[in-house]
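All remarks here apply to the structure that follows.
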Amino acid sequence: MKDQVRVRFAPSPTGGLHIGGVRTILFNYLFAKQNKGKFILRIEDTDQTRFVEGAEDYIFSCLEWCGIKADESPRDGGEYGPYRQSERKPIYRKYAEQLVKSGHAYYAFDTSEELESKRQVTENFRYDHHSRHTLRNSLTIPHEAAESLVKEGAPHVIRIKMPKDENITFTDMIRGDISFHSSEVDDKVLLKADGMPTYHLAVVVDDYLMKITHAFRGEEWLPSAPVHLLLWKYLGWGNEMPQWAHMPLILKPNGNGKLSKRDGEKLGFPVYPINWYDNKRDVKSNGFKDVGFLPEGFINMLAMLGWNDGTDQELFSLEDLIEKFSLDRIHKAGAKFDYDKAKWYNAEWIKRRKTDDLLMPVKDILNYHGIHNIDDGYLAKVIDMVKERCQLLSEFHQQAFFFFEAPEKYDTNSVKPKWTPEKETFFKAFADELQKGKINESAKMESSFKSLASEKNIKVGEVMLPFRIMLVGDKFGPQVFDIAATLGAEETINRINKALEVFVD
RNA sequence: GGCCCGUUCGUCUAGGGGUUAGGACGUUAGAUUUUCAUUCUAGAAACAGGGGUUCGAUUCCCCUACGGGCUACCA
């Protein structure tokens with residue numbers, strides 16, 4: 001029996017979580033659930049200078065909206081905590097020192113400023129096997145001197161000592177065999193001057209301590225994989241290294257680069273799951289939720305960006321995805337984000353959702369636009385009539401407001417040029433009939449409307465559009481008699497009279 | 001620049017030594033809807049280029065081109 005599958009997503013709380021990250025979360029989660037394993041959320045807050053207040057809360061809110069729950073996290077606890085790296089700070093130094101002792105790492109005393117000026121002078125300067133012997137570190141100064149400098153508290157970092165000539169290979173679950181040459185990789189910092197680990201050390205130590213079996217991350221991490229591979233080996237944990245999977249990136253629609261957090265503002269679509277407010281720049285970004293996405297549509301869309309099940313099926317619920325997901329069907333190349341297709345997924349999920357489950361979100365939209373005191377039964381009827389016309393939940397207002405309030409404006413251009421006194425007479429007569437007969441049913445309204453028209457020698461087609469505009473204000477919406485019937489005879493009559501005043505003058 | 005990863009319709013993708021290269025979004029045309037949307041039908045639309053290997057390559061190999069990523073005491 002194999003060990004239990006354990007995967008992790010490890011965001012740094014430096015801002016909003018964008019959809020690339022959410023997709024990595026999703027694939028982690030699907031893989032974990034499919035294998036009856038655990039999904040762990042670990043906060044990688046090792047960069048204290050970039051820490052953003054509220055970012056961690058935001059990550060949890062996104063997860064919640066998506067319907068994804070972590071099995072272990074700073075909030076949910078677990079046996080392998082703490083789950084915030086800042087709270088694990090004392091752990092890392094020990095391993096870094098162990099590497100120094102075994103000769104795989106060394107102390108370096110160069111300051112950031114010194115290195116920065118090196119980079120100015122020497123193009124492509126790197127701290128590596130070529131340059132390390134010319135710099136201030138425990139390889140160039142006597143060992144005892146270096147040790148005592150460290151003891152005295154001199155500012156220093158610990159860097160990995162990359163071997164000079166070694167092939168480093170591994171098998172990626174998505175990409176297959178990948179290899180690097182050690183001479184091309186620089187001596188990455190493992191432990192920073194403030195005592196915090198860098199990502200490179202932290203990810204290895206924590207993945208080991210948290211017994212991670214499969215590690216998913218974006219393709220942008222591929223170049224630093226050799227460092228991680230070596231660290232697993234040097235720390236003596238080679239046999240327990242997780243299997244790696246480097247996911248394809250989500251690219252901008254125009255194909256120039258990976259989708260970034262600022263693209264949402266420029267390109268006119270969301271990049272965050274839910275609203276994110278960046279208080280450093282004072283910019284508020286709408287999330288998918290806020291522009292009217294259902295979590296089902298959002299998740300479905302994300303999953304299909306780089307994965308498919310090999311059939312023509314495109315619509316998957318989270319449960320379907322858990323069942324069908326497989327790593328070997330992940331596409332290797334990056335995917336350009338297509339907002340039109342994203343909306344199409346959402347439209348499909350709006351149509352699929354039970355009316356009862358649409359009540360709350362639609363009510364929120366209507367409330368937001370000042371429509372209150374909505375009756376559930378009435379709203380349900382309305383939703384059934386308009387839901388296939390909405391790609392986004394937010395469109396429910398535009399598509400249904402006239403069921404709740406009379407139109408303020410009329411598309412008079414479609415009515416007035418062809419308006420005649422006969423039509424006025426017709427509508428007055430029709431209103432009378434509704435009044436007398438208390439006609440409230442769609443079919444009855446329609447037959448009454450039609451027979452009255454032929455009685456008055458008016459073509460039905462001539463008065464249908466004006467009638468619609470009386471009720472809706474414009475040329476859209478469901479079957480006009482269905483609207484009238486839903487509104488009821490009384491309200492229909494009111495709207496006829498109100499509109500007549502505008503049409504006739 | 002160096003290293004790594006990638007490349008099938010505009011986009012997301014299926015396929016895989018012999019196929020009319022399939023689907024979806026978008027798009028075009030038509031039908032339905034006395035509005036609009038939905039729905040339905042039809043159409044246009046792709047294997048980056050060059051070399052191999054092979055009886056035969058879009059599929060396998062190499063090169064080139066192009067795209068992307070990384071190149072911090074950031075993740």
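This one's a predicted model, so the numbers in the text were calculated from it and none came from an experiment. The basis for the numbers below is simple: all heavy atoms, side chains too, and nothing from hydrogens, waters or symmetry mates. In what follows, every chain begins at residue 1, and chains take the letters A, B, ... in the order their sequences are listed.
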Q.
For the P atoms, the ones on B/C62 and on B/U39, what distance do you get once it is rounded to whole angstrom?
A. 46 Å

Q) B/C36 and B/C12: how far apart are their C1' atoms, nearest whole angstrom? A) 28 Å

Q.
Taking A/K351 first and then A/E348, would you say they form a salt bridge - that is, a charged N and a carboxylate O separated by under 4.0 Å?
A. yes

Q: Identify the nucleotide, in any strand shown, that forms a Watson-Crick or G-U wobble pair with B/U19, with both distances under 3.5 Å; if there is none, say none.
A: none

**Q.** Between B/U38 and B/G50 - C1' atom distance, rounded Å
**A.** 49 Å

**Q.** Parallel, tilted or perpendicular: ring planes of A/F430 versus A/F467, cut at 30 and 60 degrees
**A.** perpendicular

Q | Separation of B/C4 P from A/L229 CG (nearest whole Å) | A | 15 Å

Q | Sequence-distant partners of A/S117, side-chain hydrogen bond (donor to acceptor under 3.5 Å, both in side chains), two or more places apart | A | none

Q | Side chain of A/K351 - closest among B/U38, B/A24, B/A75 | A | B/U38

What pairs of nitrogen or oxygen atoms, one from the protein and one from nucleotides 61-65 of chain B, lie under 3.5 Å apart?
none

Q | salt bridge (Lys or Arg N to Asp or Glu O under 4.0 Å) involving A/E388 - partner list, sequence neighbours excluded | A | none

Q. For atom C1', what is the distance between B/C3 and B/G23, given to the nearest Å?
A. 38 Å

Q. Do A/F426 and A/F449 make the cut of ring centroids closer than 6.0 angstrom?
A. yes

Q. For B/U54, what is the paired nucleotide under Watson-Crick or G-U wobble rules, both distances under 3.5 Å?
A. none

Q. Quantified in whole Å, what is the C1' atom distance between nucleotide B/C55 and nucleotide B/G15?
A. 23 Å

Q) For the rings on A/H156 and A/Y107, is their centre-to-centre separation under 6.0 Å? A) yes

Q.
Expected output is a numbered-order residue list: members of residues 185-196 of chain A with a heavy atom under 4.0 Å from any atom of RNA chain B. What is it?
A. A/V189, A/K192, A/A193

Which donor-acceptor pairs under 3.5 Å do the side chains of residues 195-205 of chain A make with protein atoms, sequence neighbours left out?
| from | atom 1 | to | atom 2 | distance (Å) |
| --- | --- | --- | --- | --- |
| A/T198 | OG1 | A/V189 | O | 2.7 |
| A/T198 | OG1 | A/L190 | O | 3.4 |
| A/T198 | OG1 | A/H200 | N | 3.4 |
| A/Y199 | OH | A/R217 | NH2 | 3.2 |

Q.
Considering only residues two or more places apart or on different chains, which pairs with a residue in residues 108-139 of chain A satisfy ring-ring contact (aromatic ring centres under 6.0 Å, His included)?
A. none

Q. Considering Watson-Crick and G-U wobble pairs with both distances under 3.5 Å, what does B/G30 pair with?
A. B/C40

**Q.** OP1 or OP2 of B/G67 under 4.0 Å from side-chain N/O of A/K258
**A.** no

Q.
Between A/W307 and A/F316 (judged by ring centroids, cut-off 6.0 Å), do the two rings come close enough to count as a pair?
A. yes

(Q) Here's a test of your reading of the structure: between A/G306 and A/F180, which maps to the more 5' nucleotide of RNA chain B? (A) A/F180

Q. How would you list, by chain and number, every residue that makes a salt bridge (Lys or Arg N to Asp or Glu O under 4.0 Å) with A/D278, sequence neighbours excluded?
A. A/R281

Q. Between A/K188 and A/D186, is there a salt bridge with N-O shorter than 4.0 Å?
A. yes

**Q.** Pair listing, salt bridge (charged side-chain N to carboxylate O under 4.0 Å, His left out) test, anchored in residues 450-461 of chain A, at least two apart
**A.** A/E446-A/K450

Q: Look through every strand shown and name the nucleotide pairing with B/G67 as Watson-Crick or G-U wobble, where both distances are under 3.5 Å.
A: B/C5

(Q) Regarding A/R50 and A/D47, does a basic nitrogen lie under 4.0 Å from an acidic carboxylate oxygen? (A) yes

**Q.** Ionic contact status for A/D187 with A/R132, cut-off 4.0 Å
**A.** yes

Q.
Below the 4.0 Å mark, does B/U71 have OP1 or OP2 next to a side-chain nitrogen or oxygen of A/N124?
A. no

(Q) Measuring from the side chain of A/K450 (C-beta onward, heavy atoms only), which nucleotide among B/U34, B/C70, B/A75 has the closest atom? (A) B/U34

Q | Separation of the P atoms in B/U27 and B/U19, to the nearest angstrom | A | 33 Å

**Q.** Flag if over 12 foreign heavy atoms under 6.0 Å of NZ, A/K324
**A.** yes

Q: Choose from B/C70, B/G68, B/A75 the nucleotide whose nearest atom is closest to any side-chain atom of A/E219.
A: B/G68

**Q.** A/E184 CD - B/G1 P separation (whole Å)
**A.** 16 Å

Q. Toward the 5' end of RNA chain B, which comes first, A/Q399 or A/L249, by nearest nucleotide?
A. A/Q399

Q | Listed nucleotide nearest any side-chain atom of A/L115, set B/C5, B/C73, B/C3 | A | B/C73

Q) Any side-chain heavy-atom pair from A/F269 and A/F337 closer than 4.5 angstrom? A) yes

Q.
In this structure, how many angstroms lie between the P atom of B/G68 and the CG atom of A/D263, rounded?
A. 13 Å

Q: Would you mind telling me which of B/G68, B/U34, B/C36 lies closest to the side-chain atoms of A/F476?
A: B/C36

Q: For the pair A/Y339 and A/F288, name the ring-plane relationship: parallel under 30°, tilted 30 to 60°, perpendicular over 60°.
A: perpendicular

Q: In whole angstrom, give the distance that lies between atom CD1 of A/I483 and atom P of B/A37.
A: 15 Å

Q. Can you tell me if the side-chain N/O atoms of A/R389 get under 4.0 Å from OP1 or OP2 in B/U35?
A. no

**Q.** Pairwise P distance for B/U28 and B/A65, with rounding to whole Å
**A.** 39 Å

Q | A/E220 side-chain proximity, nearest of B/U38, B/C4, B/C70 | A | B/C70

Q: Report yes if at least one side-chain N or O of A/T46 is closer than 4.0 Å to OP1 or OP2 of B/A75; otherwise report no.
A: yes

Q. In residues 325-347 of chain A, what residues come within less than 4.0 Å of RNA chain B, judged by heavy atoms?
A. A/R329, A/H331, A/K332, A/A333, A/A335, A/K336, A/D338, A/D340, A/K341, A/W344

Q. When you compare B/A24 with B/U41, how far apart are their P atoms, in angstrom units rounded to a whole number?
A. 10 Å

Q. Under a 3.5 Å cut-off for both distances, is B/C25 Watson-Crick or wobble paired, and to whom?
A. B/G10

Q) Within this structure, what is the CE-to-P distance between A/M385 and B/U39, rounded to whole angstrom? A) 19 Å

**Q.** side-chain N/O A/N308 vs B/U13 OP1/OP2, d < 4.0 Å
**A.** no

Q.
Any salt bridge linking A/D128 with A/R159? Criterion: basic side-chain nitrogen under 4.0 Å from a carboxylate oxygen.
A. no

Q.
Check this for me, if you would: do A/D45 and A/R84 make a salt bridge, where the nitrogen-to-carboxylate-oxygen distance has to be below 4.0 angstrom?
A. no

Q. Where along residues 153-176 of chain A does a heavy atom fall under 4.0 Å from RNA chain B?
A. A/V157, A/R159, A/R175

If you restrict it to nitrogen or oxygen atoms, what contacts under 3.5 Å exist between nucleotides 41-49 of chain B and the protein, and what is each distance?
none

Q.
From OH of A/Y199 over to C1' of B/C74, roughly how many Å is that when rounded to an integer?
A. 12 Å

(Q) Enumerate the salt bridge (charged side-chain N to carboxylate O under 4.0 Å, His left out) contacts for residues 163-172 of chain A, please, sequence neighbours excluded, ordered by first and then second residue. (A) A/E166-A/K233

